[in-house]
Each structure stands twice: as structure tokens, then as C-alpha cells.
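We count residues from 1, following the sequence as given.
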Amino acid sequence: MTETYRREDLSVDQQHALFTAARNLAEEFSGTFGTETIDRYLHTSYDQFAGRASVPHFLPLLAERFARQRLQALARVEGKDATGTPIVLFMCVHNAGRSQMALGFFTHLAEDRAIGWSGGSEPGDQINPAAVEAMRERGIDITGEFPKPWTTEIAQAADVIVTMGCGDACPVFPGKRYLDWTLDDPAGQDLAAVRPIRDEIEQRVRGLLTDLDVPLRA
């Protein structure tokens, strides 16, 4: 990691974790992006979570994961990823309920045949516990996800942007395919109220994958 991005506000352990994250990303994107680009994306990703994360210890890991997603998106935007794998971005307000359940179903059903991302216009600080439990009932664990914002490169890289209640705050880019899913907001709802929202999301995700000619997991 270059000295340009050394942070004096972090503990020694956090500094070490970010150095490790930078090394991991440098190896993964070797030949695609230089060290300076990787460092910049890692540290700006860290900044996205630093002000609202409830568990600071995990910040470097969250930053690494988000930077990886952003770099994958940048590679697609710059024509450095020619795989052609469909990318879908699910967006809601807090990225804590609807979009996370949609991403869970999408990733589960598509496996590695399509890429799913999610983001929020005003990201929360944790996944909705009722959404987590509702998905667990379907055998899908979304506890490894986290509320995060959308970024320009992520939106530009997506083939389809699915919006769920974020209105004018959702990104608009010419030439993108947009789908607006009208769904009840699970925020503040109990498990019984979230279940029908979950089931409707599953049906919509299945329909989207079929429309994209992505085979569904058996």
C-alpha cells in the first residue's frame, strides 16, 4: 500500500488488515489495475462505512469486499471484463430488507451464471433481522451481507437495475434497463408480515432470471 493512503486514524490492527486487503486485491486484479487505483478504491470504500459501522473491527473486511465489487464493476465499464456474465443491481432505500432478500434469492438461484449486487440510497447500519430470519426459513443465509451504497461504476456496470422504493434517489443512466418493483417495505415489520414480501420477491427474481435466460438452480 502506498504512503499516500496511510491512515493515522486507525489502530495498528486495522492498519495491518487494510495492508492485507490491499495485497489480496492487488493479486486478484494483477494486470487489470495498478496499485494506486486499488488503494484508492479500498480507502474510499472504507470511508463509506467508517461513519456508521456498528462493529469497527470488521471495517477493513467490509472495505475489502466493497472495493472488490467496485473494481469488478470498473473492469466491466472499462471493457477489461469480457465474460458477458449478466449483472443485476438491486436497489432500495436502506439496503437492509427488500434488496438484500432479492440479492439472496438471485445469488442462490443463479449461482455463478449471473452476478447480483445490491445497494441503497440511504444505507442502514445492519440487515433487517426479520428479513434475515425470513430468508433463513428458505434455507438462504444473508447474514454475510451488509448495507452499502451504490456507486457510479456499479450502476454503470449493471445490465439491469431493479429499484424498490428509492424513487428519485435511484441512479438514472441512459441505455440501462430498469425495473421498478412495487413492494411493501419490511422495515419495522414482524416476521409474519415479511414472509409475503419475501415470497413475492422470490417470484419476481425467478421471473427476471428466466427473462435473462439464466438457468435456475435445481
Side-chain angles (χ1 to χ4, degrees), residues 48-49 51-55 62 65-66 69 73 86-111 113-152 154-173 176-217:
Q48 294 280 3
F49 301 105
R52 58 185 175 83
S54 57
V55 187
L62 296 183
R65 291 176 58 189
F66 192 41
Q69 178 176 310
I87 298 175
V88 175
L89 172 61
F90 297 99
M91 295 195 61
C92 64
V93 177
H94 301 302
N95 192 216
R98 291 166 291 186
S99 56
Q100 292 288 359
M101 289 192 285
L103 177 63
F105 279 121
F106 188 91
T107 302
H108 176 75
L109 293 169
E111 298 181 308
R113 295 180 291 274
I115 297 171
W117 294 331
S118 69
S121 54
E122 300 175 16
D125 58 5
Q126 66 175 352
I127 304 295
N128 184 332
V132 170
E133 183 57 33
M135 295 299 288
R136 183 178 290 118
E137 290 182 344
R138 301 304 301 272
I140 299 174
D141 182 6
I142 62 172
T143 57
E145 290 298 326
F146 51 95
K148 51 194 174 299
W150 62 271
T151 63
T152 298
I154 286 174
Q156 289 179 326
D159 298 297
V160 180
I161 297 177
V162 179
T163 61
M164 309 175 197
C166 50
D168 294 339
C170 288
V172 177
F173 292 96
K176 291 295 174 187
R177 178 185 176 189
Y178 285 86
L179 297 174
D180 184 43
W181 291 357
T182 301
L183 299 160
D184 291 336
D185 189 348
Q189 303 288 340
D190 61 17
L191 180 58
V194 172
R195 284 179 179 132
I197 302 173
R198 172 203 63 194
D199 293 344
E200 183 174 356
I201 288 172
E202 179 183 8
Q203 292 307 310
R204 288 175 181 264
V205 169
R206 286 180 176 273
L208 174 57
L209 285 168
T210 298
D211 190 48
L212 292 173
D213 292 324
V214 175
L216 302 181
R217 177 175 181 169

*Okay, side chain of Lys176, backbone of Ile161: is any donor-acceptor separation there less than 3.5 Å?*
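Not a single qualifying donor-acceptor pair exists.
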Is there side-chain contact between [X] and [Y], with at least one heavy-atom pair below 4.5 Å?
X      : Y      : value
Asp125 : Pro147 : no
Ile154 : Thr152 : no
Ile142 : Ile127 : yes
Val162 : Leu208 : yes
Phe146 : Phe49  : yes
Leu209 : Phe106 : yes
Ile115 : Pro86  : no

What pair of heavy atoms forms the shortest contact from [X] to [Y], and how long is it?
X      : Y      : result
Ala102 : Trp181 : CB-CZ3, 4.5 Å
Pro149 : Phe66  : O-CZ, 3.5 Å
Ala155 : Phe173 : CB-CE1, 3.3 Å
Ala134 : Val194 : CB-CG1, 3.8 Å
Ala130 : Leu191 : O-CD1, 3.7 Å

With [X] via salt bridge (Lys or Arg N to Asp or Glu O under 4.0 Å) - residues at least two apart:
X      : value
Arg113 : Glu111
Asp180 : none
Asp211 : Arg177

Restricting to side-chain hydrogen bond (donor to acceptor under 3.5 Å, both in side chains), what partner residues turn up for [X], sequence neighbours left out?
X      : value
Thr107 : none
Asn128 : none
Asp141 : Thr143
Asp184 : none

How many angstroms lie between [atom1] in [X] and [atom2] in [Y], if you round to the nearest 0.5 Å?
X      : Y      : atom1 : atom2 : result
Thr182 : Met164 : OG1   : CE    : 11.0 Å
Gln126 : Glu145 : CD    : CD    : 14.5 Å
Gln203 : Phe105 : CD    : CZ    : 9.0 Å

Under 3.5 Å, which donor-acceptor pairs link side chains of residues 88-96 to any protein atom two or more places apart or in another chain?
from  : atom 1 : to     : atom 2 : distance (Å)
His94 : ND1    : Glu122 : O      : 2.9
Asn95 : OD1    : Gln100 : NE2    : 3.3
Asn95 : OD1    : Lys148 : N      : 2.9
Asn95 : ND2    : Ser99  : OG     : 2.8
Asn95 : ND2    : Ser118 : OG     : 3.1

Show me the pairs that pass salt bridge (Lys or Arg N to Asp or Glu O under 4.0 Å) and involve [range], at least two apart or across chains.
range            : value
residues 187-201 : Glu137-Arg195, Glu137-Arg198, Arg138-Asp199, Glu200-Arg204
residues 91-102  : Arg98-Asp185
residues 126-135 : Glu133-Arg136

*Chi angles and distances behind the side-chain contact (heavy atoms from CB on, under 4.5 Å) call for Thr163, Leu179*: CA-CA 6 Å; Thr163 61; Leu179 297 174; over 6 Å; no
